[in-house]
Each structure stands twice: as C-alpha cells, then as structure tokens.
Amino acid sequence: MDYFIIAVVTLSGLYFHWWLYRRIRRWSDRDLALSMAGDSPQKRQFMLTSLEQAQQQKVSRKALEAWLQGAAERYERDHV
C-alpha cells in the first residue's frame, strides 16, 4: 500500500509539472504574439490567428518569433 501511495503522489506531481509547463509555454507564446500587435484590436486578433496557424503548422519554438514577426510585417504591409 505504501508503494501505491508513493506512485500515485509521484505521478500526480509529474502530471502537474507537465501541465504547468505547457500552460506557461502557451501563455508565453500568446504574450509574444500580443507584444507584436501593439494597441490595435484588429492587429491583436490577426496575431492570435497567426499564432494558431503557426501552431497548426508546427513551427518550432526557435522559429516562432521570426515567424510571428513576418506575420506582423505582412499585416503592416497589407493594412497600411
């Protein structure tokens, strides 16, 4: 019974840390996209949509900033 309790607590802790890590990564990615949008509500929505597209295309975390920067530049070019 002691081993069972230890196993349950350990697995719960590992799951919680994994969940927290994923949540923080999601928040930081969202914050990165919104930081490039400025105060414009339309650009904020465009950048969040672009972030979703990058996630669907499985853009790596190293390339995400450059990818979002390109999306922001496309927005500026198309909406000016």
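Below, each value reflects all heavy atoms present in this structure, side chains not excepted, and no hydrogens, waters or symmetry copies. Source: prediction; values computed, not measured.
- The nearest pair of heavy atoms linking Met36 to Met47 is CB-CE, 4.0 Å.
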Below 3.5 Å, can you tabulate the donor-acceptor pairs from side chains in residues 5-27 to any protein atom, sequence neighbours excluded?
{"unit_1": "Thr10", "atom_1": "OG1", "unit_2": "Ile6", "atom_2": "O", "d": "2.7"}
{"unit_1": "Ser12", "atom_1": "OG", "unit_2": "Val8", "atom_2": "O", "d": "2.8"}
{"unit_1": "His17", "atom_1": "ND1", "unit_2": "Gly13", "atom_2": "O", "d": "2.7"}

Checklist entry - For Lys43 and His79, what are the C-alpha separation, side-chain angles and deciding distance, and is it a side-chain contact (heavy atoms from CB on, under 4.5 Å)? => result CA-CA 9 Å; Lys43 190 172 181 183; His79 292 89; over 6 Å; no
Could you go through residues 55-74 and list every donor-acceptor pair under 3.5 Å that involves a side-chain atom there, pairing it with any protein atom two or more places apart or in another chain?
{"unit_1": "Ser60", "atom_1": "OG", "unit_2": "Ala63", "atom_2": "N", "d": "3.3"}
{"unit_1": "Arg61", "atom_1": "NH1", "unit_2": "Asp29", "atom_2": "OD1", "d": "2.7"}
{"unit_1": "Arg61", "atom_1": "NH1", "unit_2": "Asp29", "atom_2": "OD2", "d": "3.1"}

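- For Gln42, the side-chain hydrogen bond (donor to acceptor under 3.5 Å, both in side chains) partners two or more places apart in sequence, or in a different chain, are Ser40.
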